Trainee: 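Input: one structure, supplied below.
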Amino acid sequence: MKKLFLTLLLFPTVFSLLSAQSVKVEKKDYRAVWLTTLMGLDWPKTRANNAEGITRQKQELIDILDRLQQAGINTVLFQTRLRGTTAYPSDIEPWDGAFTGTPGKSPNYDPLRFALDEAHKRGMELHAWVVAFPVNKVADMKRLGNRSLPRRHPELCQLSNDQYLMDPGVPATGDYIASICQEIAQNYDVDGIHLDYIRYPENGIRFNDAQTYKRYGQGLPLNPWRTENVTRVVRKIRRALDSVRPGIVLSCSPVGKYADMARQSSRGWNARDAVHQDAVAWLNEGTMDVLFPMMYFDGDNFYPFVLDWKERAQRGAIVPGLGLYCLSANEKNWPLVALQRQINFLRTQRLNGFCLFRSKFLTDNVKGVFDWLSHSYDNDPLQAMGGIFETLRQQKKSAALSPSTDWQKVPRINVDAEVFVVVDNMGREIRRFRPDSVFSTADLPHGFYQLRALGRKKANHKIMDFRK
């Protein structure tokens with residue numbers, strides 16, 4: 001049977017499941033990953049206390065970056081400021097203990113410089129990931145002594161349980177964090193500065209800023225005052241960066257839901273109202289260039305909120321952060337298809353890529369995710385998605401999944417068939433057409449359908465399920 005081709009014109013929901021074949025990563029299509037150095041969660045696993053330890057630690061990172069390159073990762077968010085401590089020789093803050101096992105001790109090489117050089121060798125961008133407000137744990141503060149931020153600048157810090165947090169309401173907090181970002185941008189050719197935890201702590205975490213509010217509140221209600229405090233910090237960082245590296249990319253990782261939607265609640269957990277993080281305003285005013293919202297959810301906690309970020313953004317890039325760790329049996333134990341569906345939905349909705357949290361779950365090939373991204377993601381969509389079409393009937397999402405009725409052309413699918421048949425969910429034939437014709441769902445009633453291929457010998461096999 002000769003090879004024939006079918007061009008389908010379907011709704012975005014179907015297109016999202018088809019995984020664009022032959023689509024190359026464009027300049028602004030992020031395939032990013034967070035690489036965590038805190039406690040060596042992703043790297044390092046060995047200590048750099050002698051020449052052998054330095055060599056082994058460097059080789060670990062080389063191996064990680066090689067794996068990330070194989071998986072098509074083009075951007076690494078490298079944790080550079082951890083908890084009031086750094087992954088580079090700073091004139092402002094002490095070394096983190098992840099590299100030697102001892103807070104404040106130099107590993108006798110520059111991990112940020114090494115990571116940056118190795119990433120650039122592989123054609124990958126490296127953005128310096130700066131954790132903004134959380135600083136030293138009490139135990140680490142004691143080990144660092146007078147070098148710790150709470151000892152050097154107690155006026156900037158609030159004790160919250162066993163950890164100190166910088167107080168966004170103190171004006172000098174923004175100046176201090178801006179100086180860290182400026183130091184990195186001035187001394188390293190990083191491709192961007194990425195801000196994490198640039199927000200107030202969530203309810204349930206003790207944070208007493210009553211005295212700060214009394215001193216600096218200027219008669220504003222508490223919530224708008226807190227929102228303005230965080231925005232002021234972000235703007236100070238932007239100005240500091242522009243003074244040394246005009247145009248350097250500034251991004252952040254806001255809470256995964258921006259705000260409540262008209263028909264979808266954030267269930268009390270969102271960026272704007274719960275933690276005073278008005279990331280959309282930062283993006284639209286030009287202070288921020290890229291948002292990596294931490295969307296470690298699925299179902300109606302994910303898809304409608306992706307579209308909400310997209311619709312609110314007037315400029316810049318939205319790159320949803322995906323919970324790769326959720327695949328782990330020790331976490332949420334998602335099937336791989338859940339993550340595949342999310343990634344392909346982002347592409348078909350023309351978001352600016354994706355970012356995976358975190359690196360080790362990718363390089364460890366949890367649930368086969370490394371194999372999929374390395375070998376199948378850019379190949380034939382039917383092979384790449386495996387059994388994903390079988391799950392479509394269970395995805396009884398609201399119309400929010402298909403906000404636009406604009407038709408989108410799906411890449412051509414190689415199929416051996418003489419004729420194609422569309423049947424409804426009762427098995428009744430609705431339409432039949434030849435492979436060289438164009439099929440549109442424009443006049444189909446809303447519902448679930450199946451596309452079948454019919455061969456010369458009348459043997460009939462399913463190509464996919466879809467929904468209009």
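Values below: every heavy atom of this structure, side chains too, minus hydrogens, waters and symmetry copies. Remember, predicted model here, so these are calculated numbers, not experimental data.
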Trainee: With no hydrogens and no angle check, just 3.5 Å: does a side-chain donor-acceptor pair link K142 and N136?
Mentor: no
Trainee: If every non-hydrogen atom of P150 is compared with every non-hydrogen atom of C157, which pair is closest and at what distance?
Mentor: CA-SG, 4.0 Å
Trainee: For residues 321-335, please give each side-chain donor-acceptor pair under 3.5 Å, one per line with the distance, not counting sequence neighbours.
Mentor:
| from | atom 1 | to | atom 2 | distance (Å) |
| --- | --- | --- | --- | --- |
| S328 | OG | N330 | N | 3.1 |
| K332 | NZ | Y296 | O | 2.9 |
| N333 | OD1 | K367 | NZ | 3.0 |

Trainee: Using the ring-ring contact (aromatic ring centres under 6.0 Å, His included) rule, pick out the option among Y200, W225, F133 that qualifies with H276.
Mentor: Y200
Trainee: Please report the interatomic distance CZ(R245) to CG(N187), rounded to the nearest 0.5 Å.
Mentor: 10.5 Å
Trainee: Is there a donor in the side chain of N229 and an acceptor in the side chain of R232, or the other way round, less than 3.5 Å apart?
Mentor: yes
Trainee: Hey, which of R238, Q186, Q182 is the one that makes side-chain hydrogen bond (donor to acceptor under 3.5 Å, both in side chains) with S243?
Mentor: Q182
Trainee: For residues 62-72, run the donor-acceptor check on the side chains, cut-off 3.5 Å, and write out each pair with its distance to 0.1 Å, sequence neighbours left out.
Mentor:
| from | atom 1 | to | atom 2 | distance (Å) |
| --- | --- | --- | --- | --- |
| D63 | OD1 | Q59 | NE2 | 2.9 |
| D66 | OD1 | R122 | NE | 2.8 |
| D66 | OD1 | R122 | NH2 | 2.9 |
| R67 | NE | T363 | O | 3.3 |
| R67 | NH2 | T363 | O | 2.5 |
| Q69 | NE2 | R122 | O | 3.3 |

Trainee: Could you list the donor-acceptor pairs under 3.5 angstrom formed between side-chain atoms of residues 161-178 and any protein atom two or more places apart in sequence or on another chain?
Mentor:
| from | atom 1 | to | atom 2 | distance (Å) |
| --- | --- | --- | --- | --- |
| Q163 | NE2 | V135 | O | 2.9 |
| D167 | OD1 | G169 | N | 2.9 |
| D167 | OD2 | Q158 | NE2 | 3.2 |
| D167 | OD2 | T212 | OG1 | 2.6 |
| T173 | OG1 | D167 | O | 2.7 |
| T173 | OG1 | V170 | O | 3.4 |
| D175 | OD1 | K236 | NZ | 3.2 |
| Y176 | OH | E93 | OE2 | 2.8 |
| Y176 | OH | R152 | NH2 | 2.9 |

Trainee: Quick check: F292 with Y30 (ring centres under 6.0 Å apart)?
Mentor: yes
Trainee: I'd like to know if D308 pairs up with K257 as an ion pair, taking the criterion as any Lys NZ or Arg NE/NH1/NH2 lying under 4.0 Å from an Asp or Glu carboxylate oxygen.
Mentor: no
Trainee: Main chain of R272, side chain of D278: is a donor-acceptor contact present, judged purely on distance under 3.5 Å?
Mentor: no
